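Notes follow once the structure below has been shown.
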Amino acid sequence: MKPSLNMSKSTDPKNNISVSWSSPSNIALIKYWGKHGRQLPRNASISFTLDNAKSITRITMTDLTEDRKTDIEFLFEGQSNPEFAQRISNFIASITEAYFPFLKCKHLKIESSNTFPHSSGIASSASAMSALALCLCDLELQISEKSVYDHDFYQKASLIARLGSGSAARSVYPYVAVWGNHNDVNGSSDLYAISVNDKIHSVFKDFHDDILIISDAKKHVSSTVGHQLMDNNPYATVRYKQANSNFTMLLTALKTGDIATFGKITEDEALTLHALMMCSDPSFILMEPRTLEVINKIRSFRQKTGIHVYFTLDAGPNVHVLYPHSHADEVKLFISNDLIQYCQNGQIIFDQTGNGPVKLA
Ligand code: PMV
C-alpha cells in the first residue's frame, strides 16, 4: 500500500507533526436507525458518552515529496491490520479534498488501540472514528498555528466523525450528546452532534453503564446493512415519529432527573431497535436467549427492590445495565450474584458516563 517514494526528512517542525487523542465510545438512548444521503440520520438521537471504553489514536504526519496522493500506514494495537487500514485509507481519501486539503502529499502514520477487548462484541467504530476525527482536526489546527480547541474545533470533529460512522458524531462531547435536528434543541443538526451537557441533571453525570458481554462474536449484521433495511421497513415512518416523541420525553427526564421515565423510554428504544430488525426483510434476530434471560432478571429485580436499574441494547446481544451511582453497591452485587453467569467467560465492562475526549501529549 505504501508507494515507493523519496521521503524528505525536513527540518521544518511543521513537516513532522504528531497529535494524539483518546475518545470514548457512546451508547445511544434514543437510537439512530435509518439514514439517507451521506450519513444523515432519519431521526435525532441522544446518547451517553462512556468513560472507560475508549480508543487512543496517534497520527504522525510527515511530508511526501514526489506524489500528490496521501500515503497511510495504519497500526492497530501495534500490529498491521489490512482490513482496518483499507477502511481508514478510503475514508481519509473521501474527506481530503473537501475538508483537509493539506493532507494531499502527506504521509500519515496512524496508530490506534482500544481500552476494551477488541473481541468483546462492542462496536468500536464510535470511539475509533471520533479519535481519528479529533486527530485530523488537531493536525489542521497545528498547521494553522492556532491552538484553540473551541466550539468550531469540536463541531468539525463531530462532522468528520459522523462521515466515518454516524454514531461517532456523538462521542466528541461529554456525558450527553444529541445528533440530528430536533425542534426541542436549539442548534441541533443532522450534520454534527452537539453537547447538551449543561442542561442535564447531576444524577446522570455519574450514571453507571455496565456492559454484560453475552457473546463476543462479531455482529452478524453490519450497521450499514441494518440502516439500509429501514428503507423498506413497513414501520419506518411510524418509527421516526415515535423516535421524535421519545426524544422529547427522554430529554425532559434527563433535565429533571426523572430516572423512572428515563428508564422506561430507554428500554422502549432498545426493544424497538430489535423489533425493527426482526420485522425487516430479511429479518434478523440479534438477541440471544441469554439476552432475554438477563432482561427478565433486571425487570424482576427492579420490581422486587424498587431500585432504578434499567437496560439498553446496541445492535447485538450484549446488555448495558444502567443505574444511578447511589445504587452502585446493590446493583453490582446483583450483577455478580445473578447476571454474570449469562456472560460469555464472565466478561463485563464496568463503565459510566464520562467527560469525553482528551488530548494526549
Ligand atoms: O454509527 P453506525 O452506523 O454504526 O450506527 C449505529 C446504530 C446504533 O448503534 C444501533 C444506534 C446508535 O444510535 O448508536
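All values reported here derive from a predicted model rather than from experimental measurement. Counting convention: from 1, in listed order, for ligands and their atoms alike.
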Polar contacts were defined as any N/O atom of the residue lying under 3.5 Å from an N/O atom of the ligand; does this apply to Ser167 and ligand 1? yes
Show which atoms of ligand 1 fall inside a sub-4.0 Å distance from at least one heavy-atom site of Ala28. 12 (C), 13 (O), 14 (O)
Tell me whether the centres of the aromatic rings in Phe153 and Trp21 are closer together than 6.0 Å. yes
Does His227, backbone or side chain, put an N or O under 3.5 Å from an N or O of ligand 1? yes
For the backbone of Arg38 and the side chain of Arg162, can you confirm whether one donor and one acceptor N or O come within less than 3.5 Å of each other? yes
Just distances here: any N/O of Asp314 and N/O of ligand 1 closer than 3.5 Å? yes
Restricting to heavy atoms, the pick from Arg170, Lys31, Gln39, Lys35 nearest atom 12 (C) of ligand 1 would be Arg170
Short list, please: which atoms of ligand 1 are under 4.0 Å from a heavy atom of Gly166? 1 (O)
Using the ring of Phe100 (Phe, Tyr or Trp, six-membered ring only), decide whether Lys156 places NZ or CZ under 6.0 Å from its centre and within 45 degrees of its axis. yes
Are any of the heavy atoms in Ser165 under 4.0 Å away from ligand 1? yes
Salt-bridge criterion met for Lys106 and Asp71 (N-O under 4.0 Å): no
Using the rule side chain to side chain donor-acceptor pair (under 3.5 Å), only one of Ser55, Ser112, Ser22 pairs with Ser127; which is it? Ser55
Taking NZ, NE, NH1 and NH2 as the nitrogens, is one of them in Glu269 or Lys264 under 4.0 Å from a carboxylate oxygen of the other? no
Before accepting this row, confirm whether a basic side-chain N of the pair Asp210/Lys332 lies closer than 4.0 Å to the acidic partner's carboxylate O. yes
Regarding ligand 1, does Ser223 bring an N or O atom to under 3.5 Å of one of the ligand's N or O atoms? yes
Which ligand 1 atoms, with their elements, are less than 4.0 angstrom from a heavy-atom of Trp33? 7 (C), 10 (C)
Which protein heavy atom lies closest to atom 11 (C) of ligand 1, and at what distance to 0.1 Å? Tyr32 O, 3.4 Å
